[in-house]
Amino acid sequence: QVQLVESGGGLVQAGGSLRLSCAASGLIFRNHHMGWFRQAPGKEREFLARISRNGVRYYVDSVKGRFTISRDNAKNAMDLQMNSLKAEDTAVYYCAASARVLDSNSWLNFDYWGQGTQVFVSS
């Protein structure tokens with residue numbers, strides 16, 4: 001069974017930083033395109049960042065220059081470094097995995113999801 005587990009969420013002041021991690025098991029990690037999404041109360045699931053099997057990175061405009069996605073295939077792990085956090089970054093953050101080569105940011109392309117980790121940014 002495939003399992004993705006997020007960690008690293010919490011409460012942080014605006015302008016601060018958090019580093020989220022996603023631990024994967026039950027899949028050949030290096031063969032999967034990985035991504036981060038978030039969902040705030042009353043809003044739809046939002047794409048944040050994704051990283052290909054070969055380490056190519058893609059971001060939504062609102063987090064470019066602030067967030068950095070990375071992966072370590074030897075550890076079956078993916079991280080999201082979040083800097084200069086804003087109140088509007090408050091949400092539940094999810095990691096996801098896709099076995100396909102991706103050419104879009106749609107959540108429909110991802111096959112497996114973690115349970116989410118809460119991030120709250122106070123202003």
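Counting begins at 1 with the first residue of the sequence.
- Within the 3.5 Å criterion, the main-chain N or O of S25 finds no donor-acceptor partner in the side chain of Q3.
- H33 places none of its side-chain heavy atoms less than 4.5 Å from the side chain of I51.
- Apart from L11 itself, the hydrophobic cluster it occupies contains F120, where clustering links Ile, Leu, Val, Met, Phe, Trp and Tyr at side-chain heavy-atom distances under 4.5 Å.
- Residues F29 and K75 form no side-chain contact, since every pair of their non-hydrogen atoms from C-beta on lies 4.5 Å or further apart.
- Side-chain atoms of V60 and N105, non-hydrogen and from C-beta on, never get closer than 4.5 Å to each other.
- Residue pairs meeting the ring pair (Phe, Tyr, Trp, His ring centres under 6.0 Å) criterion with at least one partner in residues 42-101, sequence neighbours excluded, are F37-F47.
- In terms of the salt bridge (charged side-chain N to carboxylate O under 4.0 Å, His left out) criterion, residue partners of D79 (sequence neighbours excluded) are, by chain and number, R19.
- Checking side-chain atoms of R53 against main-chain N and O of A99 turns up a donor-acceptor pair under 3.5 Å.
- T117 contributes no side-chain N or O that, together with a main-chain N or O of E6, makes up a donor-acceptor pair within less than 3.5 Å.
- Within 6.0 Å of CD in E44 there are 12 or fewer heavy atoms belonging to other residues, nucleotides or ligands.
- Checking side-chain atoms of D72 against main-chain N and O of A74 turns up a donor-acceptor pair under 3.5 Å.
- Looking only at side-chain heavy atoms (C-beta outward), D89 and M82 stay at 4.5 Å or farther from each other.
- Checking side-chain atoms of R50 against main-chain N and O of S104 turns up a donor-acceptor pair under 3.5 Å.
- R57 is listed as a side-chain neighbour of S70, based on a closest heavy-atom distance under 4.5 Å.
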